[in-house]
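Worksheet: the structure to be examined is printed underneath.
The analysis underlying the following values was restricted to heavy atoms, covering all of them including side chains, and did not include hydrogens, waters or symmetry mates. Per chain, numbering begins at 1; letters A, B, ... match sequence-line order.
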Protein chains: 2
Amino acid sequence: MSTPDGPAAPATLSIGQVAARTGLSVHALRFYEREGILADPVRREGGGRRRYTEGDVEWLNLCIVLRSSGMPIPEIRRYTELARAGAGTEPARLALLRAHEQRVLDQLADLQRSLDIVRYKVAVYEDYLDGLPD
Amino acid sequence: MSTPDGPAAPATLSIGQVAARTGLSVHALRFYEREGILADPVRREGGGRRRYTEGDVEWLNLCIVLRSSGMPIPEIRRYTELARAGAGTEPARLALLRAHEQRVLDQLADLQRSLDIVRYKVAVYEDYLDGLPD
DNA sequence: CTAGGAGCTCGAGTCGGCTCTAGATCAACT
DNA sequence: AGTTGATCTAGAGCCGACTCGAGCTCCTAG
């Protein structure tokens, strides 16, 4: 074995491993940390290198979902801060998530309307090309 | 009447009126024209001011749909160029629209996945808050 | 002991899509 | 003639979200 973890080792990951697992670049991971959207400021091993836990990775995966569905980074930071603050902030976190749910629904509706229009245009071109002389 | 159009007047619109109708800013309208995504380079009245036809506005509305569903400006320009080129380019236009349709479908699927996850989290918080002591 | 490769920080650069400014022109009203 | 308000052009600026580069440190293998 090239990585003989001791029995009690919490199995942490390097930034490169996390990049591979999440699909984010190492640059993006450091950027996200600077932006304060990681659960904690990430532990460092002797030498200053980041060690990510599985929990960190799960949190990142949630962040990726929020980002990709259009939540801006400042709002993810706000959510992160609430989570860090711990007990008592659950109502605020719920409100934030509900607001985001609504935004996603709005986006879905907008996209669906666009899709209908694009499909209509596609159908028009198909009909036209079908009915061509030769 | 404050706008006594002559009988044969084609009823053109100023840039401000088009902005009001489309929701785009006058800046954005000029920007779009520079980017070459308007059907024609827009007629000008004596004095250099733009006069938009209803056809121009319809084209803009299509552009707005394409943009808001994620088509980048260079691709809208490509589509516009094909349309300007006229007969014979219909297959290319159809292909472009179909590709966009697929992109929209992908976005819808992604968003739906995100929505499911956000809803799951919302449910978790709701359950937690429901079950609170007081 | 040295060469590579992964990591580090800090700061600058990029990209897409507008947005805004400055300074001039023009149309219409008073 | 003067004032107001819409438009014009060319070009600079901005914002969000990364991306990249320089220069340095560290660890491990040969």
Side-chain angles (χ1 to χ4, degrees), chain A residues 1-5 9 12-38 41-52 56 60 63-80 100 103 107 110 114, chain B residues 1-5 9 12-38 41-52 56 60 63-80 100 103 107 110 114:
Chain A
M1 289 288 185
S2 56
T3 56
D5 285 352
T12 63
L13 302 166
S14 71
I15 195 170
Q17 291 172 317
V18 173
R21 259 174 192 60
T22 59
L24 296 171
S25 69
V26 296
H27 294 296
L29 282 168
R30 290 192 281 244
F31 171 72
Y32 279 6
E33 183 175 344
R34 275 204 302 281
E35 290 295 311
I37 72 178
L38 262 59
V42 180
R43 286 126 283 224
R44 306 301 183 99
E45 66 176 0
R49 306 185 164 199
R50 293 167 178 83
R51 298 307 312 189
Y52 295 78
D56 289 333
L60 273 170
C63 289
I64 289 167
V65 166
L66 295 176
R67 270 294 306 126
S68 77
S69 52
M71 184 181 287
I73 283 181
E75 190 162 344
I76 301 182
R77 173 164 46 233
R78 172 103 185 100
Y79 182 65
T80 303
H100 187 59
R103 268 198 308 245
Q107 290 183 70
D110 287 355
S114 296
Chain B
M1 289 287 187
S2 56
T3 56
D5 284 351
T12 64
L13 302 166
S14 72
I15 195 170
Q17 290 171 318
V18 174
R21 260 175 192 59
T22 59
L24 296 170
S25 70
V26 296
H27 294 295
L29 282 168
R30 291 192 280 245
F31 170 73
Y32 279 7
E33 184 176 343
R34 275 204 301 283
E35 291 293 311
I37 72 178
L38 262 60
V42 180
R43 286 126 283 227
R44 305 302 183 99
E45 67 176 1
R49 304 185 164 201
R50 293 168 179 83
R51 299 307 313 188
Y52 295 79
D56 290 333
L60 273 170
C63 290
I64 290 167
V65 166
L66 295 176
R67 269 297 304 128
S68 77
S69 52
M71 184 181 287
I73 283 181
E75 190 162 344
I76 302 183
R77 172 163 48 233
R78 171 104 186 102
Y79 182 64
T80 303
H100 187 59
R103 268 196 308 245
Q107 290 182 71
D110 287 354
S114 295

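- Atom CZ of A:R67 and atom C1' of D:dC18 are 10 Å apart (whole Å).
- Separating the CD atom of B:E75 from the C1' atom of C:dG17 is a distance of 16 Å, rounded to the nearest angstrom.
- In this structure, of D:dA17, C:dC18, D:dT7, it is D:dT7 that holds the atom nearest to the side chain of B:V26.
- Toward the 5' end of DNA chain C, the nearer of the two residues B:E45 and B:M71, judged by each one's closest nucleotide, is B:M71.
- Remark: C1' of D:dA17 and CD1 of A:I76 are 11 Å apart, rounded to the nearest angstrom.
- Across the protein-nucleic acid pair, A:L29 atom CG and D:dA17 atom C1' stand 14 Å apart, rounded to whole Å.
- Distances shorter than 4.0 Å separate some side-chain N or O of A:R44 from OP1 or OP2 on C:dT9.
- The side chain of B:H27 sits closest to C:dT21 out of D:dT7, C:dG17, C:dT21.
- Between A:S14 and the phosphate of C:dA6, there is no side-chain N or O to OP1/OP2 separation shorter than 4.0 Å.
- As rounded to whole Å, 16 Å separates atom P of D:dA12 from atom CZ of B:F31.
- Within 4.0 Å (heavy atoms only), B:R51 reaches no atom of the nucleic acid at all.
- Here the CD1 atom belonging to B:I64 is positioned 4.5 Å from the OG1 atom belonging to B:T22, to the nearest 0.5 angstrom.
- Taking the side chain as every heavy atom from C-beta outward, A:S14 and A:R51 approach each other to under 4.5 Å.
- Picking from C:dC18, C:dT21, D:dA17 the nucleotide with the shortest atom distance to the side chain of A:P72 gives D:dA17.
- Note: CZ (A:R43) to C1' (C:dG7) measures 18 Å, nearest angstrom.
- Between B:Y32 and C:dC18 there is a side-chain N or O to OP1 or OP2 distance below 4.0 Å.
- As rounded to whole Å, 9 Å separates atom P of C:dG7 from atom OH of A:Y52.
- Pairing each heavy atom of A:V26 with each of A:G16, the nearest pair is CG1-CA, 4.1 Å.
- Within 4.0 Å (heavy atoms only), A:R30 reaches at least one base atom of the nucleic acid.
- The side chain of B:I73 lies closest to C:dC18 when the candidates are D:dT7, C:dC18, D:dT19.
- Within the 4.0 angstrom heavy-atom criterion, no nucleotide atom of any strand lies near A:G47.
- Under the 4.5 Å side-chain criterion, counting only non-hydrogen atoms from C-beta, B:I73 is in contact with B:Y32.
- The listed nucleotides are C:dC8, D:dC8, C:dT19; the one nearest the side chain of A:R50 is C:dC8.
- Going from atom NE2 of B:H100 over to atom CD of B:Q107 covers 7.0 Å, rounded to the nearest 0.5 Å.
- Nearest nucleotide to the side chain of B:R49, out of C:dT9, D:dC26, D:dG5: D:dG5.
- For B:R44 and B:E33, the salt-bridge test passes: some basic side-chain N is under 4.0 Å from an acidic carboxylate O.
- Between B:E33 atom CD and D:dT7 atom C1' the separation is 12 Å, expressed in whole Å.
- Between B:S25 and A:Q17, the residue anchored nearer the 5' end of DNA chain C, judged by the nucleotide with its closest heavy atom, is A:Q17.
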